[in-house]
Amino acid sequence: MAQMTMIQAITDALRTEMRNDDNVLVFGEDVAKNGGVFRATEGLYNEFGEDRVFDTPLAESGIGGLALGLALQKYRPVMEIQFFGFIFEAMDSVASQLARLRYRSGGVYQAPVTIRSPFGGGVKTPELHADNLEGLFYECPGLKVVIPSNPYDAKGLLISAIRDNDPVLFLEHMKLYRSFREEVPENEYTVEIGKAKITREGTDISILTYGAMVRTSLKAAEQLKKDGIDVEVIDLRTISPLDVETITKSVKKTGRAVVVQEAQKQAGIAAHVIAEINDRALLYLEAPVGRVTAPDTVFPFAAAEDAWLPNENDIVGKVKEIISF
Amino acid sequence: MSAKNLEQIEDHFQTFQILDEQGHVVNEQAMPQLEDEKLKELMFRMVYTRIWDQRALSLNRQGRLGFYAPVAGQEASMLASEFAMDREDWLLPSYRDIPQLVWHGYPLDKAFLYSRGHFGGGQIPEDCCAVMPQIIIGAQCTQTTGIALGLKKRGKKNVAFTYFGDGATSQGDFYEALNFAGVYKAPAVFISQNNRFAISVPVEKQTAAKTLAQKALAAGIKGIQVDGMDPLAVYAAAKDARDRAIGGDGPTLIETLTYRYGPHTMAGDDPTRYRTKDLTSEWEKRDPLIRFRIFLQNLGLWTNEDEEQTVAKAKEDVALALKRADEAPKQKVSDLLNNMYEKPTQSVREQLAEYREKEGK
């Protein structure tokens, strides 16, 4: 075991799979000699050489098309979109090409492509870097969307993503990259895609969340404990496909739920999670399902981030409101 | 760069021609090395495809086919270039490029299934190195670069060919693909079939550039403009591009000057709204079948009997393929759900159960 930050765990996962499988290729902007702008691919170029770790010209759509073509030559491409706000440039290559390849070919072809991309607020980036655009991809049949909240899950989920024979969007919250370390096994292991994790057990209310909001929700839960409210926190880990079993089981147990996301109210997946609860556990609910989200503006300019991002107090307030409904 | 320099560069892209409109060889030293049988085979494919295209138009009008983009006029551009491909070269067509797919090993009945919007049309047989026809203009270009790079990494002596129209050269993906392929010296051949109209918009409104071929310059790769109604020139240019790609000299952009006699697609396009009958007749005089027929007849390689046999064979094959397409199982929602993921997700599983129940009734 070693103490790793999330970015180190990500690099470790990439190294592990590159050693395991010669078909794994890592490419994108600045990923080779430079090791990526966040150093996620640090050391890979030196270990595996330019044939397997290479820079691309600066064009995101081209990167997506390249990945699809390489996948058709039986490679396992791990492409990096330098910041998730740039994904709009690759919208066709991801949403209409990679996500649809299996369907369009009637199951003959597949795109075992991992799309890694940093996102998330709180690090004061310029515009169109941090945007929470995961909801757009939840709505793309054929894709999977994974968002780890900690180093251990990041390594295990990334290894699973690379081994998956369907395209996986792997979103790395920038605020989590170096904010804490935890024990991460140095050997290989996987965390199953599509499985949520009960991060904190509780009996009074379920918080369903993902990404950086997991830590914020855990802090809120500790605060609520002082008020005698026993909160269960579910880290969704994969937002597409949603682990409806774990969500439903928890909600049936507690009878109350709040969905917490960093994305705007009209974005993200909160609305979809609530719809699943309505479909599967409505009669177990003691109160309407609450939502803590960012407001419906464009992702904010850096100086407005602190005021805009949902925080611990927002969660505490919403939980109390739902508890006292 | 001065205006004069630009003109000099543009003048560099002269149309490459071997066979003129009257079937005369005008560029003897560029003649490709093709045996008599190969020359006959190329003519066979062009005539056969013309007949199949005519049949497809009437079948479409009878409601027996779905989406169809006519190909008459573009046979040399399509088939003489595909003729330069090895069986294990990869083909990435647009939705009009069904003939290349078929001559690359994709069964004709699948072409009809594709036209009808049946998922069987997308199931490319294992021994056919090709990707399904692309709808998004230019998207196949970046994928071609990826396949070509993969072939190079695998050490294969094969090339990726892609086809798109004049309109596609306005897309970012077109330029990104050329640029990436240039950087990686990927063995790719990009064929822009300039049929002068992107649906209705004339090529003069796509670009101020005098040729599409010159767009290769900005990516640092070779570009050539070819008489797309001349099968020998198209073949020679494609063969040369392939040889250089295999030899490690990187990708080529080929612009073929061609024309589609029919509408953009059979879904209601009316070409008289955007081009004159005179223009169409002018291009019909350059017809690839006419000039190649004269050329072969002069060599004693093509007789009226050959022509009649080809027409009969095409009609017979179309009828048979249509019969096979008619026999394809009715498309079910459960088939589609099964093709979403390698292992169905819970949501897909639930919906599969729901639709299987409906389909069982």
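Chain A is the first sequence line, chain B the second, and so forth, proteins listed ahead of strands; every chain is numbered from 1.
- The line from CD1 of B:Ile135 to OG of A:Ser96 is 11.5 Å long, rounded to the nearest 0.5 Å.
- For chain B, the nearby part of A:Asp92 is the side chain; its heavy atoms alone come within less than 4.5 Å.
- With a 4.5 angstrom heavy-atom cutoff, B:Gln140 does not touch chain A via any of its atoms.
- Atom-to-atom distance recorded for A:Gln110:CD and B:Tyr341:OH is 14.0 Å, nearest 0.5 angstrom.
- Heavy atoms closer than 4.5 Å to chain A are found nowhere in B:Tyr175, neither backbone nor side chain.
- Within the 4.5 angstrom heavy-atom criterion, no atom of B:Ala188 approaches chain A.
- Distance CD1/B:Ile147 to CG/A:Leu70: 9.0 Å, rounded to 0.5 Å.
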B:Gln143/A:Leu72 under side chain to side chain contact (heavy atoms under 4.5 Å, CB included): CA gap, chis, key distance, verdict: CA-CA 9 Å; B:Gln143 298 168 7; A:Leu72 286 171; 5.8 Å; no
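- Taking a 6.0 Å sphere around CZ of B:Phe67, one finds it holds more than 12 heavy atoms contributed by other residues, nucleotides or ligands.
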Test log, rule side chain to side chain contact (heavy atoms under 4.5 Å, CB included), inputs A:Leu66 and B:Thr142: CA-CA 6 Å; A:Leu66 196 73; B:Thr142 57; over 6 Å; no
From CA spacing to verdict: side chain to side chain contact (heavy atoms under 4.5 Å, CB included), A:Leu101, B:Met132: CA-CA 9 Å; A:Leu101 186 67; B:Met132 300 74 69; 3.8 Å; yes
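- Proximity to chain B is limited to the side chain of A:Leu25, based on heavy atoms less than 4.5 angstrom apart.
- Annotation: cation-pi pair B:Lys153/A:Phe27 absent, no NZ/CZ under 6.0 Å from the ring centroid and within 45° of its normal.
- Ring pair B:Phe119/A:Tyr103: centre-to-centre distance not below 6.0 Å.
- Neither the backbone nor the side chain of A:Asp279 comes within less than 4.5 Å of any heavy atom of chain B.
- In this structure, chain A has no heavy atom under 4.5 Å from any part of B:Pro344.
- No part of B:Leu337 comes within reach of chain A, as not one of its non-hydrogen atoms sits under 4.5 angstrom from that chain.
- For B:Gln346, the part sitting under 4.5 Å from any heavy atom of chain A is the side chain, from C-beta outward, and nothing else.
- Heavy-atom minimum distance, A:Arg102 versus B:Asn339: CG-O, 3.3 Å.
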